[in-house]
Amino acid sequence: PYVLYTARHLVRMRELATENGETWFKMACDIDMAGVTDYIPVNYDETFDRKIHFDGGNFTISNFKYDKEVNGANYGSLFGVLYGSCKNLKVDKATIVSTNGCGVIGGYVGTGGKPALLENVVITNSSVTNSGDRCGGVCGTAKEATIRNVSFQGTVTSNMVGEAKSGGFVGQTEANTSFENCSVDVVFIGKGTDLGGFAGKLLGTPVFTGCKSKVVITSSAAQKNRCGGFVGWNSSTKATL
């Protein structure tokens, strides 16, 4: 793997990740991202073909900040669209500001035909603010994803009026996605509908096992206010909770 020691090493992941290929990264120490303003998510552009495997080594990325107006790319997050895997990572004091699908880990965790594994990830003292749809503390959308032992603690703010499809953990689920032993401890404020303490909107056949939501949630939507402590709207063909 490429071994990561510094903030600049993290910034270079986009450059090093092979298009239509598979690339491995591994952290060797805690990394402070304070002051970094030129970070671009590893896999943010069509056709999302940079498959990566990221091992955090149980180290911490701190003070990661992504503001779409400053950084420019879609899917504000560490990975953009996570295709491959991310495991054994701690993230502290992350700040995400975006206008479309976003979360600390990805705008998407997995996407069509490009599955992802997210495992043993702890996110603390972090905030996600979005003016578009599908945001979550961890990810905007989970699709063809396996997510195990992942937690988020912080705040999520959805400023979209209408079907925001946003949650404390994940905005929307699609296709075959499973969550095992995942949790949120979140203050969630939204202006729209389809807001959930854990998941905003369920599509596909999601499975939740041993998942918990500790949330203070507020929605100011005037009409069609689908809002819940765990799920905002179950529009799934078959959800297992």
Side-chain angles (χ1 to χ4, degrees), residues 41 64-78 80 91-109 123-143 145 147 150-174 177 179 182-204 206 208 211-237 239 241:
F64 173 71
K65 184 175 181 179
Y66 193 90
D67 186 332
K68 187 174 183 293
E69 288 192 6
V70 175
N71 302 75
N74 289 324
Y75 306 119
S77 58
L78 280 167
V91 181
D92 187 49
K93 299 183 180 69
T95 303
I96 307 294
V97 180
S98 189
T99 59
N100 61 3
C102 63
V104 172
I105 297 299
Y108 278 74
V109 170
I123 303 168
T124 53
N125 304 308
S126 296
S127 69
V128 175
T129 303
N130 192 35
S131 59
D133 69 343
R134 288 185 284 181
C135 75
V138 176
C139 59
T141 301
K143 183 175 183 177
I147 302 176
V150 177
S151 63
F152 174 85
Q153 179 268 314
T155 62
V156 175
T157 303
S158 172
N159 291 319
M160 180 177 177
V161 176
E163 296 186 3
K165 296 171 283 189
S166 296
F169 190 101
V170 56
Q172 180 169 288
T173 69
E174 298 180 14
T177 296
F179 302 84
C182 295
S183 64
V184 289
D185 182 352
V186 64
V187 174
F188 186 13
I189 299 173
K191 295 181 179 180
T193 184
D194 305 347
L195 308 179
F198 193 97
K201 181 178 180 180
L202 304 184
L203 292 172
F208 301 86
C211 296
K212 298 183 292 184
S213 171
K214 180 181 179 182
V215 58
V216 177
I217 184 169
T218 304
S219 172
S220 58
Q223 298 178 358
K224 199 175 69 172
N225 192 340
R226 293 183 292 247
C227 176
F230 193 86
V231 172
W233 181 21
N234 179 15
S235 183
S236 166
T237 54
L241 296 121

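Nothing here was measured: the structure is a model prediction, and the numbers come from that model.
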If you measure from [atom1] on [X] to [atom2] on [Y], what distance do you get to the nearest 0.5 Å?
X	Y	atom1	atom2	result
S219	L195	OG	CG	4.5 Å
C135	Q172	SG	CD	12.0 Å
S213	F152	OG	CZ	12.0 Å
F208	L202	CZ	CG	5.0 Å
K68	N100	NZ	CG	5.5 Å
D185	T155	CG	OG1	11.5 Å

Would you say the side-chain atoms of [X] pair up with the backbone N or O of [Y], donor to acceptor, closer than 3.5 Å?
X	Y	value
T173	L203	yes
T177	P206	no
D67	E69	yes
T193	G162	no
S158	S166	no

Can a salt bridge be assigned to the pair D133 and K165 using a cut-off of 4.0 Å between side-chain N and carboxylate O?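 K165 and D133: salt-bridged.
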
Using a 4.5 Å cut-off on heavy atoms from C-beta on, say whether the side chain of [Y] contacts that of [X].
X	Y	result
V104	I96	yes
L78	V91	yes
Y75	P41	no
S77	I105	no

What closest approach, in Å, do [X] and [Y] show between heavy atoms, and which atom pair accounts for it?
X	Y	value
G232	R226	O-CB, 3.6 Å
G192	N225	O-OD1, 4.3 Å
F188	G167	CE2-CA, 3.6 Å
F169	C182	CE1-CB, 3.8 Å
G197	V186	O-CG1, 3.9 Å
T129	C102	O-SG, 4.5 Å

For N125, check side-chain hydrogen bond (donor to acceptor under 3.5 Å, both in side chains) against everything at least two apart and list the hits.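 Checked N125 against side-chain hydrogen bond (donor to acceptor under 3.5 Å, both in side chains); matches are D92.
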
Got a sec, which residues hit side-chain hydrogen bond (donor to acceptor under 3.5 Å, both in side chains) with T95, two or more places apart in sequence or on another chain?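 Checked T95 against side-chain hydrogen bond (donor to acceptor under 3.5 Å, both in side chains); zero matches.
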
With side-chain hydrogen bond (donor to acceptor under 3.5 Å, both in side chains) as the test, pick out the partner of Y108 among K143, E174, R134.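 Only one of K143, E174, R134 forms a side-chain hydrogen bond (donor to acceptor under 3.5 Å, both in side chains) with Y108, namely R134.
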
Could you walk me through whether L241 and V231 pass side chain to side chain contact (heavy atoms under 4.5 Å, CB included), step by step? CA-CA 10 Å; L241 296 121; V231 172; 4.3 Å; yes

Heavy atoms from other residues, nucleotides or ligands near NZ of K65 exceed 12 (cutoff 6.0 Å):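 No, NZ of K65 has 12 or fewer neighbouring heavy atoms, counting only those of other groups under 6.0 Å.
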
Aromatic ring pairing F230/F198, orientation class (parallel under 30°, perpendicular over 60°, tilted between):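 Answer is parallel, since the angle falls under 30°.
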
